[in-house]
Peer 1: 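One structure is given below, represented as structure tokens, and several questions about it will come after.
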Amino acid sequence: MRLSIHHRTAYRFSRPQDRLVQMLRMTPQNTHDQTVASWRIDIDCDAKLREGRDGWGNAVTMLYAEGPLTELEIAISGEVLTSHSNGVLHGMSEPLPPAVFLRSTEVTMPDPAIAVFAASTAGGRETLPALHRINAGLHERFTMDRSRPVAGLTAGDAFAAESATPRDLAHMFVVAARSLNVPARYVSGYSLLAGEHRPTPHGWAEAYLDRLGWVGFDPCSGLSPQEDYVRVAAALDAAGAAPVAGSRLGEGEERLDVDVTVAEA
Amino acid sequence: MGNQAFDEILGAGGGAPSRAELAALCNWIEATPREELRRRQHAAEATFRQLGITFAVYGESEASERIIPFDIVPRVFLHDEWARLSDGLIQRVEAINAFLDDIYGERRILKEGVLPEDLVLGNPQFRPEIAGMRPPHGVWAHICGIDLVRTGPDEFFVLEDNARTPSGVSYMLENREAMLRLCPELFREFRVAAVDSYPDRLLEVMKSVAPHGVSAPTCVVLTPGHYNSAYYEHSFLADSMGIELVEGADLVVDDDMVWMRTIAGRVKVDVIYRRVDDDYLDPLVFRPDSALGVPGLMAAYAAGNVAIMNAPGNGIADDKAIYSYMPEIVRFYSGGEAKLPNVETWRCREPDALKYTLDHLDEVVVKLVDGSGGYGMLVGPTASKAEIETFRAALIAEPHRYIAQPTLALSTVPTLADSGLAPRHVDFRPFVLTGSRGVQVVPGGLTRVALKEGSLVVNSSQGGGTKDSFVLMDNGPQQTQTMGQGQSQTMGGMTQAQGFAPMGPAA
């Protein structure tokens with residue numbers, strides 16, 4: 001499948017900013033089932049861009065812009081060729097051993113209610129079916145909330161609600177998998193299912209299985225990601241894989257607008 | 001406990017001075033009137049107060065600034081004792097560096113099963129954010145403070161490694177200044193190795209680890225600011241080295257390079273001696289709410305454009321849970337047995353060790369694996385029943401967070417107490433420097449003394465004081481330290497190369 005992606009991120013500042021430094025995790029990498037045909041990052045001001053890699057192995061682009069700046073727009077456009085992989089990640093270089101992904105973070109702290117849910121949903125001893133049941137279980141349990149997620153919301157608090165964003169569902173899956181001692185991580189990227197003009201990129205989860213390696217699970221669909229997904233970055237939680245980690249020097253408020261469109265090319 | 005302890009000046013048990021080499025010091029102690037010792041001690045403390053060598057005590061209701069009490073009676077290491085200690089310290093620090101290089105790189109030590117994987121990979125002190133990044137020249141632990149205790153003439157144990165931002169070196173230097181000024185006769189009697197070259201050595205180390213291709217590196221000291229309890233030391237070190245003391249806001253990262261704002265414009269920075277914890281170094285990578293760090297600093301580091309000392313991620317090497325494996329770590333990287341032994345340690349995460357600890361809570365010392373400064377610690381023999389029961393509950397609830405060690409009969413040094421001279425327990429923090437040209441041990445260090453009778457807790461936050469630490473030189477040609485004319489003895493005034501031998505590069 002050939003997917004076309006447009007991802008616009010616009011910051012507007014109530015006062016001019018002296019400097020902006022941002023770390024962008026906005027570049028997908030080639031894997032066995034994902035080939036980046038074209039990819040551009042356009043910035044609407046004089047910014048210096050530097051390519052690098054973070055400790056998780058994600059491609060990062062450092063953005064350095066001098067002010068005065070009242071706005072900044074990052075426009076991503078690209079096309080990616082994908083193939084069917086049954087959700088299994090092949091051909092990705094992994095700088096860290098899977099056991100690192102048993103660690104928790106502030107928003108993915110172990111949660112008793114999620115652990116009970118995981119244990120009761122998992123069923124048998126086989127890990128892969130257990131994870132599929134948890135994935136489907138989360139999908140059934142929550143109605144989808146497509147608005148922007150609340151910053152800092154923990155998986156435990158999100159689990160107590162009736163609706164959830166993709167990010168929070170993925171966090172819940174990660175916490176559930178780790179409660180069964182299965183390494184799990186958050187993945188950011190794009191999904192055709194999410195459709196046009198979404199306020200965020202998509203997010204799902206991956207879990208590590210001894211024989212298969214990393215396998216994707218998307219509680220939004222209750223299924224594993226297929227060829228209509230583009231994988232961009234992964235980390236212990238959404239913040240670690242966030243498309244933008246930024247810092248600005250200057251006073252005033254900022255307004256963020258994000259518009260993501262994924263289509264078949 | 002106190003009466004069994006080895007006294008480093010008087011020798012074993014009271015009475016006969018079995019340490020003949022130090023007879024002159026005993027004579028000095030005997031011959032100098034107590035009031036005179038006390039007068040000198042007060043003079044030293046007055047100087048420290050005037051200089052502002054203060055620290056803040058955590059957990060006290062009023063934000064109090066205190067000086068650390070100073071004791072006028074020095075602690076002395078004989079030349080050959082020091083030579084053996086230095087060998088052990090160099091071996092240990094080389095192993096710490098090799099461990100860090102491995103654990104953030106190939107992880108051979110995990111693949112070969114020397115350490116349990118989860119102890120490292122699940123440890124909050126292991127920083128996956130920097131995996132695969134390597135500091136310039138492969139040096140991680142540029143400045144180590146290795147805390148030692150002594151129980152007999154030849155019995156030294158490592159109590160704790162400090163490979164992050166060890167503090168206390170300013171006390172080593174200021175204590176020596178005070179002793180030179182107040183007790184010059186001791187330096188005529190003993191050939192004491194000088195410590196005043198420390199800032200020069202440190203600056204040399206900084207320059208040596210500059211990114212490749214930088215010929216005249218710009219070095220700075222990065223402080224969290226004047227609210228930090230060790231701010232005096234930060235400004236003292238920057239001053240002594242003649243380099244800038246900066247806060248995060250003074251630095252900017254642009255184009256993956258670090259720049260310092262000055263009135264004359266931007267200056268590129270090549271080496272940062274940071275006294276800011278990892279968590280606060282770069283809000284883009286670590287805590288996003290940190291205002292103490294520099295946004296983009298880790299990108300500059302990953303690109304190889306700046307050296308950060310000590311390197312980010314070092315906490316995994318001095319973690320107390322890892323500590324118990326240091327003998328294995330030293331063996332793994334050096335190929336030999338550790339010359340400096342560890343204190344026997346029960347890892348409470350292991351059921352047998354937990355059982356032993358719970359059965360002997362009134363005998364052992366229990367520590368939090370991630371605690372420091374004497375907080376979160378139980379000293380069984382001096383603890384109340386209630387304290388013991390509190391720890392028992394905590395241990396049962398979260399055993400993996402604790403280790404236990406036997407209560408050692410720490411050595412004593414005569415100390416000027418209210419009642420007169422009396423033995424008080426001491427520990428020792430030597431400072432070990434590692435640059436691109438190898439590891440060196442400064443001939444001196446920080447002796448901490450538990451001022452309360454019988455107390456084994458030497459932390460300054462818990463009522464500890466400090467002493468000068470003499471390292472005696474070999475019987476070479478006579479070369480004594482003398483006071484300069486007048487009062488203003490400067491750090492650069494005394495120079496002695498002996499006793500500070502740069503070692504060859506790590507294997």
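Naming: A, B, ... by sequence-line order, numbering from 1 per chain. For the numbers below, each heavy atom of this structure counts, side chains included, while hydrogens, waters and symmetry mates do not.
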Peer 1: Is the count of non-hydrogen atoms from other residues, nucleotides or ligands lying under 6.0 Å from A/Glu126 atom CD greater than 12?
Peer 2: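 No, the 6.0 Å shell around CD holds no more than 12 heavy atoms from other groups.
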Peer 1: Heavy-atom cut-off 4.5 Å, strictly under: side chain, backbone, both or neither for A/Met62 against chain B?
Peer 2: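 A/Met62 touches chain B through side-chain heavy atoms alone.
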Peer 1: So for A/Glu66, is it side chain, backbone, both, or neither that comes closer than 4.5 Å to the heavy atoms of chain B?
Peer 2: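 Contact with chain B is through the side chain of A/Glu66 alone.
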Peer 1: Tell me, side chain or backbone of A/Leu96 under 4.5 Å from chain B's heavy atoms, or both, or neither?
Peer 2: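 Looking at A/Leu96, backbone and side chain both touch chain B.
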Peer 1: If you compare all heavy atoms of A/Val21 against all heavy atoms of B/Val253, which two are closest, and at what distance to 0.1 Å?
Peer 2: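 Minimum heavy-atom separation between A/Val21 and B/Val253: CG2-O, 4.0 Å.
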Peer 1: For B/Glu106, look at atom CD and say whether over 12 heavy atoms of other residues, nucleotides or ligands are found less than 6.0 Å away.
Peer 2: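 Open.
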Peer 1: In terms of heavy-atom pairs under 4.5 Å with chain A, which of B/Val285, B/Val252, B/Leu110, B/Val120 leads?
Peer 2: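 Maximum pair count with chain A is reached by B/Val252.
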Peer 1: Contact between B/Pro295 and A/Arg19 at the side-chain level, heavy atoms closer than 4.5 Å - yes or no?
Peer 2: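 They are not in side-chain contact.
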Peer 1: Can you tell which part of B/Asp118 gets under 4.5 Å to a heavy atom of chain A, answering side chain, backbone, both or neither?
Peer 2: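 Contact with chain A involves no heavy atom of B/Asp118 at all.
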Peer 1: For B/Glu328, look at atom CD and say whether over 12 heavy atoms of other residues, nucleotides or ligands are found less than 6.0 Å away.
Peer 2: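 Yes - once you tally the heavy atoms of other residues, nucleotides and ligands closer than 6.0 Å, there are more than 12.
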Peer 1: Check the pair B/Met298, A/Asp54 against side chain to side chain contact (heavy atoms under 4.5 Å, CB included), reporting the backbone distance first and the verdict last.
Peer 2: CA-CA 9 Å; B/Met298 294 310 295; A/Asp54 67 12; over 6 Å; no
Peer 1: Tell me if the CG atom of B/Asp289 is crowded by more than 12 foreign heavy atoms within 6.0 Å.
Peer 2: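 Yes.
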Peer 1: What are the two closest non-hydrogen atoms of B/Glu117 and A/Ala99, and how far apart are they?
Peer 2: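 Reported closest heavy-atom pair: OE1-CB, 3.3 Å.
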Peer 1: Evaluate whether atom NE2 of A/His32 has more than 12 neighbouring non-hydrogen atoms of other residues, nucleotides or ligands under 6.0 angstrom away.
Peer 2: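 12 or below, so no.
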Peer 1: Give a yes or no on this: more than 12 heavy atoms of other residues, nucleotides or ligands lie within 6.0 Å of atom CD of A/Gln29.
Peer 2: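 Counting neighbours around CD of A/Gln29, more than 12 heavy atoms of other residues, nucleotides or ligands fall under 6.0 Å, so yes.
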Peer 1: If I compare all heavy atoms of B/Arg107 with all of A/Pro95, which pair ends up nearest, and what's the gap?
Peer 2: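 In this case the closest contact between B/Arg107 and A/Pro95 is NH2-O, 2.6 Å.
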Peer 1: Taking all non-hydrogen atoms of both residues into account, name the closest pair between B/Leu284 and A/Ala245 and its distance.
Peer 2: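 Looking at all heavy atoms of both residues, the closest pair is CD2-O, 3.5 Å.
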Peer 1: Non-hydrogen atoms of chain A under 4.5 Å away: do they reach the side chain of B/Phe126, the backbone, both or neither?
Peer 2: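 Interface part for B/Phe126: both.
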Peer 1: I need the single residue from B/Asp254, B/Asp255, B/Asp256 that forms a side-chain hydrogen bond (donor to acceptor under 3.5 Å, both in side chains) with A/Tyr64. Which is it?
Peer 2: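 Only one option passes, and that is B/Asp256.
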Peer 1: Tell me, side chain or backbone of A/Leu49 under 4.5 Å from chain B's heavy atoms, or both, or neither?
Peer 2: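 For A/Leu49, there is no contact with chain B at all, as no heavy atom is under 4.5 Å.
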